[in-house]
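To keep things clear, I will list the structure first and then write my remarks on it.
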Amino acid sequence: MTGFPVTSTYAALLALLLLLLSLLVIRQRLHSRVVIGTGEGEALLRASRAQGNFTEYVPMILVLLLLLEASGASAGLLHGIGAATLLGRVLHGFGISRSPEWLRFRQAGMALTFGPLAVAAVALLLR
C-alpha cells in the first residue's frame with residue numbers, strides 16, 4: 001500500500017465507479033448507434049451526464065483528500081469525506097440515469113458531493 005492508504009482506497013473505489021459509468025455510456029452509444037455526441041436519445045444524454053458530472057467533481061475531491069492525508073488529518077475525517085463522496089456519486093449516477101429521473105437520488109448525490117467538497121476545502125484551509 002502507498003503512504004496514503006485512505007486516499008488510495010477511495011481513489012480505487014471511485015475509479016471502479018467511473019469505469020461502470022463509462023461502460024453505461026458505451027452501452028447506450030451502441031444501443032443508439034451514436035459515435036460522437038449524445039444524439040437525440042435521452043438515455044445516452046443521461047448516461048453521458050452521469051459520467052461527465054462524476055469527472056467534474058471527483059478529481060478535485062481526491063486532490064483535497066490527498067492533501068489532507070499528507071498534512072496528517074484524522075482518519076475519521078478522511079473516511080467521512082471519502083465515503084460520503086463515494087455514496088454521493090453512486091446516488092447521483094443512479095438518480096440521473098433513470099427516466100423519469102429519480103430526483104431525490106440525484107439531489108442526495110449532489111448534497112453528498114458538495115458537502116465533502118466544502119468540508120475538505122475548509123479543513124485544508126484551517127490546517
Side-chain angles (χ1 to χ4, degrees):
M1 190 55 119
T2 69
F4 303 101
V6 177
T7 302
S8 297
T9 298
Y10 289 104
L13 292 171
L14 288 161
L16 292 173
L17 181 54
L18 177 58
L19 180 61
L20 174 62
L21 292 171
S22 299
L23 291 171
L24 293 174
V25 171
I26 292 168
R27 184 181 78 183
Q28 286 301 325
R29 285 193 181 287
L30 292 172
H31 179 74
S32 303
R33 295 188 173 133
V34 174
V35 177
I36 295 178
T38 57
E40 301 295 322
E42 182 181 359
L44 178 53
L45 176 60
R46 287 185 172 281
S48 180
R49 284 311 307 143
Q51 178 198 39
N53 191 275
F54 182 100
T55 63
E56 292 162 6
Y57 288 99
V58 169
M60 178 56 70
I61 293 173
L62 286 173
V63 167
L64 292 169
L65 195 64
L66 178 64
L67 292 171
L68 283 168
E69 189 167 8
S71 70
S74 73
L77 175 64
L78 298 171
H79 281 292
I81 291 166
T85 299
L86 181 61
L87 179 59
R89 296 292 76 206
V90 167
L91 290 175
H92 182 270
F94 186 72
I96 195 173
S97 64
R98 302 286 177 247
S99 185
E101 182 175 286
W102 290 14
L103 188 58
R104 289 189 180 174
F105 283 85
R106 184 177 179 187
Q107 290 170 333
M110 287 312 301
L112 286 170
T113 299
F114 289 164
L117 181 61
V119 167
V122 171
L124 194 57
L125 286 171
L126 294 176
R127 293 199 73 73

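Hydrogens, waters and symmetry mates are skipped; everything else that's a heavy atom, side chains included, is used.
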Are side-chain heavy atoms of L68 and L78 found at a separation under 4.5 Å?
-> yes
Does Y10 have its ring centroid less than 6.0 Å away from the ring centroid of H79?
-> yes
Kindly work out whether a path of hydrophobic side-chain contacts (I/L/V/M/F/W/Y, heavy atoms less than 4.5 Å apart) joins [X] to [Y].
X: V90; Y: L16; answer: no
X: F54; Y: L23; answer: no
X: I61; Y: L20; answer: yes
X: M60; Y: L18; answer: yes

Counterpart residues, salt bridge (charged side-chain N to carboxylate O under 4.0 Å, His left out), relative to E101 (two or more places apart) = R46, R106
Which distance, rounded to the nearest 0.5 Å, do you find between the [atom1] of [X] and the [atom2] of [Y]?
X: L62; Y: T85; atom1: CG; atom2: OG1; value: 7.5 Å
X: L24; Y: R29; atom1: CG; atom2: CZ; value: 12.5 Å
X: L64; Y: L124; atom1: CG; atom2: CG; value: 6.0 Å
X: L65; Y: I81; atom1: CG; atom2: CD1; value: 6.0 Å
X: Y57; Y: R89; atom1: OH; atom2: CZ; value: 7.5 Å

Tell me, with the steps shown, if V58 and T113 meet side chain to side chain contact (heavy atoms under 4.5 Å, CB included).
-> CA-CA 8 Å; V58 169; T113 299; over 6 Å; no
Sequence-distant partners of [X], side chain to side chain contact (heavy atoms under 4.5 Å, CB included), two or more places apart:
X: R33; value: none
X: R49; value: L45, N53, E56, I96
X: L86; value: L13, L14, L17

Tell me whether [X] contacts the main-chain N or O of [Y] through its side chain, where contact means a donor paired with an acceptor under 3.5 Å.
X: S48; Y: L44; value: no
X: T55; Y: G52; value: yes
X: Q28; Y: A47; value: no
X: Q51; Y: V25; value: no

Closest non-hydrogen contact found for R127 with S71 is NE-OG, 2.6 Å
Looking at P116 and A84, what are the two nearest heavy atoms and their distance?
-> CG-CB, 3.5 Å
Set of residues satisfying ring pair (Phe, Tyr, Trp, His ring centres under 6.0 Å) with respect to H31, sequence neighbours excluded | none
Would you mind listing the cluster partners of W102? Hydrophobic ones only (ILVMFWY), side-chain contacts under 4.5 Å, chaining allowed.
-> L87, L91, F94, F105, L112
